[in-house]
Amino acid sequence: MNEKIPTVLVYADLHEFSGAIPNSYKQEWESSASVGKIIELLNELGETTELLVTPKDLLEKLNLYSSIPFSKRPVIFHLMEGFRSRNREALIPAAAELFGFPHTGSDAFAQNVSLDKNLTKIFAKSLGIPVPKGFPLSFEDRKNFVLPKEVPYPCFLKPSGEGSSLGIGEESLVLNEDELFARLKDLPEEYFPYLVEEYLKGSEYTISVMGSPGYGYRVSRVGRLVLREDLKVEEVYGEKTKSKDRMPEALVFDCPEKTESFLQEQSVLICKSLATSGPARLDWKCNEEEKPFLLEVNLTPGLSPFYSTFPICYRQGLGDEKTLFSEIIKIARLESESPRFLYSKFKTTHSSLTK
C-alpha cells in the first residue's frame with residue numbers, strides 16, 4: 001500500500017449534500033463549514049484526516065485498510081445522522097466494530113436506546129431518574145387513541161425517534177381532547193412513532209458529559225436554554241428554531257446550585273449505566289415547581305464550533321475546542337481495546353473444515 005494512511009476517517013452527513021433528499025431529512029446534518037472546522041481542529045492536533053460522505057466511500061476505505069494491523073487503523077469519526085431508520089445513529093459504530101476499526105461515539109446498543117426517546121425513558125426510570133409521564137403512539141393506533149387520565153392537558157406531541165426538533169412546532173402543544181384528535185389526524189406517518197407527554201412549563205436545561213467506562217466521566221456545567229426575543233420564530237423549541245438559517249437559541253449558565261448538582265449527578269448516572277463513550281448531551285425540562293425531568297439523551301450531538309450546544313457546555317468547565325476533539329479521539333482509541341472488538345480481531349483467517 002503506497003498511499004499515506006490517514007489516522008482519522010471523518011464520515012459526515014453534510015447539510016449541503018445534493019441529490020433527491022428532502023431538506024427536512026437533512027435537518028440534523030452538519031454544515032460543510034462546521035465539518036471543515038472540525039477537520040481543521042483534528043489536523044492541528046496532529047491527525048491526518050480524510051473526509052468521506054457516502055456509504056460507498058466508507059466501504060472502499062474499510063476494504064483498503066482492513067489489511068493493515070489493528071493498532072494502525074484509522075479512527076472513524078462519526079458524524080452520520082441518516083434518516084428514516086431507527087438504526088441510523090448506530091450504523092457507523094456497528095460497521096466499525098464488525099470490521100475492527102476504532103470509532104468515535106458510543107456503541108450501537110447505546111445509540112439505539114438513546115435514539116428512541118421512549119426506550120430512553122424506560123431505561124432512565126429503571127434507574128430512578130425522573131421522566132415526564134407519557135405514552136408511545138404508533139401510526140396505526142392514532143385514530144383510536146385516548147389520552148390516559150394520568151397525563152393531564154395540556155400535553156405535548158413529539159416524534160420518538162427524531163432529533164433537531166423534527167416534527168415539533170407550536171402545534172405540538174395540545175390544550176384539549178378536540179385539539180388532540182385533530183392533531184393526530186394530520187401527523188405525517190414518516191415521523192411515527194410519537195410520544196404523547198405531559199407538558200412541562202418550567203426551565204429547559206442541557207448538559208454535556210464526556211467519557212467512557214475505561215476513561216471515566218466528566219460533566220460540564222448546566223446551560224439554560226433561552227430564545228432571543230429579537231430572533232424568536234416560535235414559542236416552542238421546534239423545527240423552525242433548530243434551522244441552521246438562524247440562531248435564536250442561547251445558553252445561560254445560571255442554574256441554581258442544588259439543581260445543577262442534581263442534573264450533573266443524574267446525567268453521569270445514566271451515561272455510566274448505558275456505558276456511553278465519547279460525547280453525550282442530555283436535555284432536561286422542569287415543571288412549574290422547577291423540578292427537572294429527563295427529556296432525552298443524544299449520543300451523536302452536534303459538534304459544530306459555531307452553533308452546537310454540546311461544545312458550548314463543554315467549554316464551561318471541561319476544556320477548549322482542542323481538548324474536546326482530543327478527548328473524543330483518545331476515547332475512541334481506548335475503546336477499541338475493549339472486548340467488543342475481539343470478534344473482528346480474532347476472526348481474520350479461515351481454516352478449511354475437515355471431516
Side-chain angles (χ1 to χ4, degrees), residues 1-13 35 38-39 42-43 45-82 85-116 210-217 271-280 299-300 303 325-355:
M1 187 180 300
N2 295 323
E3 68 174 86
K4 186 176 181 181
I5 301 172
T7 60
V8 178
L9 296 172
V10 179
Y11 186 93
D13 280 331
V35 174
I38 290 171
I39 290 174
L42 291 172
N43 291 336
L45 290 169
E47 304 292 345
T48 305
T49 58
E50 184 173 352
L51 176 63
L52 311 174
V53 298
T54 70
K56 182 176 181 292
D57 294 339
L58 178 61
L59 183 60
E60 289 176 351
K61 296 302 178 181
L62 292 179
N63 183 58
L64 181 63
Y65 299 135
S66 62
S67 61
I68 65 176
F70 285 96
S71 61
K72 296 182 179 180
R73 294 183 182 183
V75 174
I76 303 175
F77 201 104
H78 180 8
L79 291 175
M80 175 186 172
E81 292 289 350
S85 170
R86 65 181 185 176
N87 302 306
R88 58 191 177 85
E89 293 182 342
L91 296 176
I92 290 294
E97 182 178 324
L98 176 62
F99 293 104
F101 284 75
H103 67 86
T104 64
S106 295
D107 68 3
F109 174 82
Q111 295 280 6
N112 274 330
V113 172
S114 66
L115 182 62
D116 187 321
M210 177 68 78
S212 72
Y215 184 82
Y217 291 91
C271 286
K272 284 183 175 180
S273 301
L274 263 180
T276 64
S277 295
L299 299 184
T300 54
L303 297 175
F325 289 97
S326 176
E327 274 199 291
I328 290 175
I329 295 295
K330 183 177 181 178
I331 291 171
R333 291 184 172 130
L334 178 65
E335 180 69 12
S336 70
E337 299 298 320
S338 67
R340 69 185 179 92
F341 284 86
L342 289 177
Y343 177 86
S344 58
K345 291 178 180 179
F346 288 166
K347 199 172 185 182
T348 57
T349 57
H350 174 65
S351 57
S352 60
L353 297 176
T354 59
K355 294 184 179 179

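Any value given below was found using the heavy atoms of this structure, including those in side chains, with hydrogens, waters and symmetry copies removed.
Here the closest heavy-atom approach between residue Ala12 and residue Leu51 is recorded as CB-CD1, 4.0 Å. Here the shortest heavy-atom pairing between Ala280 and Leu299 reads CB-CD2, 3.5 Å.
Other residues, nucleotides and ligands contribute at most 12 non-hydrogen atoms within 6.0 Å of the NZ atom of Lys330.
A search for side chain to side chain contact (heavy atoms under 4.5 Å, CB included) contacts involving Lys56 returns Thr54, Glu60, not counting sequence neighbours. Here Leu59 pairs with nothing under the side chain to side chain contact (heavy atoms under 4.5 Å, CB included) rule; sequence neighbours left out. Under the salt bridge (charged side-chain N to carboxylate O under 4.0 Å, His left out) criterion, Lys72 pairs with no residue at all, not counting sequence neighbours. Under the rule for a side-chain hydrogen bond (donor to acceptor under 3.5 Å, both in side chains), Asp13 has no partner lying at least two apart in sequence or in another chain. Checked against side-chain hydrogen bond (donor to acceptor under 3.5 Å, both in side chains), Glu89 has the following partners two or more places apart in sequence or in another chain: Thr300. Applying the side-chain hydrogen bond (donor to acceptor under 3.5 Å, both in side chains) rule to Thr49 yields the partners Asn43; only residues at least two apart in sequence or on another chain are considered. For the side-chain hydrogen bond (donor to acceptor under 3.5 Å, both in side chains) test, no residue two or more places apart in sequence or in another chain qualifies with Ser326. Taking Leu91 as the reference, Met80, Asn87 meet the side chain to side chain contact (heavy atoms under 4.5 Å, CB included) condition, with sequence neighbours excluded. Looking at residues two or more places apart in sequence or on another chain, you find no salt bridge (charged side-chain N to carboxylate O under 4.0 Å, His left out) involving Arg73. Take Glu335 and apply the salt bridge (charged side-chain N to carboxylate O under 4.0 Å, His left out) test, not counting sequence neighbours, and it matches Arg340. Applying the salt bridge (charged side-chain N to carboxylate O under 4.0 Å, His left out) rule to Arg86 yields no partners; only residues at least two apart in sequence or on another chain are considered. For Lys272, the side chain to side chain contact (heavy atoms under 4.5 Å, CB included) partners are Tyr217, Val268, not counting sequence neighbours.
His78 NE2 to Thr104 OG1: the interatomic distance, rounded to the nearest 0.5 Å, is 7.0 Å.
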